[in-house]
Amino acid sequence: MASKISVLGSTGSIGTQTLDVARMNGFEITALTANSNIKLLEHQAREFHPKIVAVLDMGAASQLKIALSDTDIEVFCGEEGIKMAAAEQSCDTVVNAVVGVAGLLPTLEAINAGKNIALANKETLVAGGSIVMKAVKNKGLKLYPVDSEHSAIFQCLQGCPENSLKKIILTASGGSFFGKTREELRSVTVKQALTHPNWNMGAKITVDSSTMMNKGLEVIEASWLFDCDDEDIDVVIHRESVIHSMILLKDNAVIAQLGVPDMRIPIQYALTYPERLPSPAKEPDFSEIAQMTFYKPDYDTFTCLAVCREALRRGGLCPTVANAANEMAVDMFLKEKIKFLDIGDIVAEAVSSFTENKHDITIDDILQADKETRIRIKNKY
Ligand code: NDP
Ligand code: MG
């Protein structure tokens, strides 16, 4: 069980819910970080008294330094500052709740410093899974999934003998645009894409859910966490988000993990494993849920899911490229520079035109592929 935790991305959706869990369980907070939201970060720092805080934005960090000058909390800035927070000496577990591939280097920094990881930042595994998993193993550390589907699978696997797993069945809500045709998707707005039926999340992952890129990223994430291939991972649409995912065992028995859609359950399990402690999340009311429905994903309309599966099969740097293209595309969509369907086209084009794939990759290869993909897209739009 964790006791001293650093929260990277503490001002976001997962970050603030992690602090709810910490407050309830009396965890000591050793470091907190944000991109630029210093108002909330100052508030959090005054409540939890971490040893250090770090802000990516240099100007915001300078302001926070002044604001916290009456405390003994150290304030750091930039990417180096976030890495220092990730490696804070007294901490035992780092919760990575940063959004995007920006979370990769801090994850590696935390692992190198000997910290266990509670990982929400799925882009870390999508872009750098081979390196991260190797580093965790070499250091004898634990990496606990926070993503609800992966936490569900991890929970289902408890007590199952090794080699008993036949398939992973990832559930997907289907996002804001389930059932829509490509024609109907042509004109959807940012506001519509940011309305998720069941979960209240940050902007990027909400758009990823609406394109089903999120499920594609999660297929790749699952392949690293549970050491399996594309064909071992099924995706099923389950609109109610009551079943958070399932495993199919060799004897065709299925084990599922159910509950209300509240991220504080998987966050807490990642921090208290193997203990089960009281949670602020509600009990499910099955008479209210009444029914659970399941559908096949529409791979032709939601092309991102198919492209992620292709990237996983091709391996090497392909998932890094798919992720970088998506981060660029979502950013442009949120700024209303491109249309909704352009997101899928940009990701597909980036993956299909990426011909210099290689295996046995280094962190420099990953950073280079990420950078080149972004430059190529930036030059085009
Ligand atoms: P949010 O956008 O709500 O929060 C992101 C956090 O990261 C904020 O603290 C933000 O700071 C900080 N941040 C943003 N950009 C950078 C950067 N370049 N470097 C360092 N810090 C940065 O995201 P979510 O909490 O929704 O998601 C976080 C991660 O968890 C994502 O990878 C997502 O896919 C995953 N996840 C989220 C779920 C959810 O329910 N939200 C569920 C499952 C997984 P600031 O506030 O200053 O901008
Ligand atoms: Mg998820």
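Counting starts at 1 for both ligands and their atoms, following the listed order. All figures in this text were calculated on a predicted structure; none of them were measured in a lab.
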- request: Determine whether V95 and L8 make a side-chain contact, defined as any pair of heavy atoms from C-beta on separated by less than 4.5 Å.
  value: no
statement: Closest to the Mg ion (ligand 2), among the N/O/S atoms of E149, is atom OE1
field: Any N or O of D147 closer than 3.5 Å to N or O of ligand 1
entry: no
- request: Check each atom of ligand 1 against the heavy atoms of L56 and keep those under 4.0 Å away; list them by number with element.
  value: 17 (C), 18 (N), 19 (N)
field: Ligand-side contact atoms (ligand 1) for residue partner A120, heavy atom cut-off under 4.0 Å
entry: 30 (O), 32 (O), 35 (C), 36 (N), 44 (C)
- prompt: So which of the N, O or S atoms of E218 lies nearest the Mg ion (ligand 2)?
  reply: OE2
field: Shortest reach to atom 7 (O) of ligand 1 by a heavy atom, considering only L125, V98, I267
entry: V98
- request: Considering only non-hydrogen protein atoms, determine which one is nearest to atom 34 (O) of ligand 1 and report residue, atom name and distance to 0.1 Å.
  value: K122 CE, 3.2 Å
task: For the Mg ion (ligand 2), find the closest N/O/S atom on D147 and give its atom name.
output: OD1
statement: heavy-atom search around atom 41 (N) of ligand 1 in the protein gives S13 OG, 3.1 Å
- request: Looking only at distances, please establish whether an N/O atom of ligand 1 is found under 3.5 Å from an N/O atom of N35.
  value: yes
field: Heavy-atom check, side chain of D365 versus side chain of K358, under 4.5 Å
entry: yes
- request: Fit a plane to each ring of Y144 and Y273, take the angle between them on a 0 to 90° scale, and name the class: parallel (under 30°), tilted (30 to 60°) or perpendicular (over 60°).
  value: tilted
field: Any N or O of G9 closer than 3.5 Å to N or O of ligand 1
entry: yes
query: What about E123: any of its N or O atoms under 3.5 Å from an N or O on ligand 1?
result: yes
- line: atom 26 (O) of ligand 1 has as its nearest protein heavy atom G202 N, 2.9 Å
- line: Note: heavy atom closest to atom 36 (N) of ligand 1, options N214, I205, V101, belongs to I205
query: Of all the atoms in ligand 1, which lie at a distance below 4.0 Å from a heavy atom belonging to N37?
result: 46 (O), 47 (O)
query: Considering residues, nucleotides and ligands other than E231, do more than 12 of their heavy atoms fall under 6.0 Å from its CD?
result: yes
message: When you compare the side chains of T320 and D370, does any donor N or O come within less than 3.5 Å of an acceptor on the partner?
response: no
message: Heavy-atom pairs closer than 4.0 Å: do any link ligand 1 to the side chain of K204, the backbone, both, or neither?
response: neither
query: For atom 4 (O) of ligand 1, which protein heavy atom lies nearest, and how many Å away is it?
result: G12 CA, 3.2 Å
message: Evaluate F177 against F302 for ring pair (Phe, Tyr, Trp, His ring centres under 6.0 Å), listing each step before the verdict.
response: CA-CA 10 Å; F177 303 132; F302 297 93; 7.8 Å; no
message: Please report whether ligand 1 has a polar contact with T11, defined as an N or O pair separated by less than 3.5 Å (distance criterion only).
response: yes
Check: I82 N/O within less than 3.5 Å of ligand 1 N/O: no
message: With heavy-atom distances below 4.5 Å as the criterion, would you say the side chains of L258 and H244 are in contact?
response: no
Where ligand 1 meets A97 - atom numbers and elements under 4.0 angstrom, heavy-atom basis: 5 (C), 6 (C), 7 (O), 28 (C)
field: Donor-acceptor side-chain pairing of T195 and Q192 below 3.5 angstrom
entry: no
- prompt: Mind checking whether M263 has an N or O less than 3.5 Å away from an N or O of ligand 1?
  reply: no
Numbered atoms and elements of ligand 1 in range of A102, under 4.0 angstrom, heavy atoms: 17 (C), 18 (N), 19 (N)
query: Distance from S173 atom OG to H196 atom NE2, nearest 0.5 Å?
result: 3.0 Å
- request: State which residue, out of Q155, M246, Q158, fulfils the side chain to side chain contact (heavy atoms under 4.5 Å, CB included) condition with Q257.
  value: Q155
query: Is K215 salt-bridged to E218, going by a charged N under 4.0 Å from an acidic O?
result: yes
query: Taking N or O atoms only and a 3.5 Å limit, does S148 qualify as a polar contact for ligand 1?
result: no
task: Quick one: look at M201 and ligand 1, take heavy-atom pairs under 4.0 Å, and tell me if it's side chain, backbone, both or neither.
output: both
statement: When D230, D234, D232 are each screened for salt bridge (Lys or Arg N to Asp or Glu O under 4.0 Å) with K167, the one that passes is D234
task: Please report the closest heavy-atom contact between A325 and A350, naming both atoms and the distance.
output: CB-CB, 3.5 Å
- prompt: Of the backbone atoms (N, CA, C, O) and the side-chain heavy atoms from C-beta on, which set of I14 has a member under 4.0 Å from an atom of ligand 1: side chain, backbone, both, or neither?
  reply: both
From CA spacing to verdict: salt bridge (Lys or Arg N to Asp or Glu O under 4.0 Å), R376, E349: CA-CA 11 Å; R376 229 174 286 133; E349 210 275 323; over 6 Å; no
message: Consider side chain to side chain contact (heavy atoms under 4.5 Å, CB included). Of T211, D342, V207, L341, which one does F333 pass it with?
response: V207
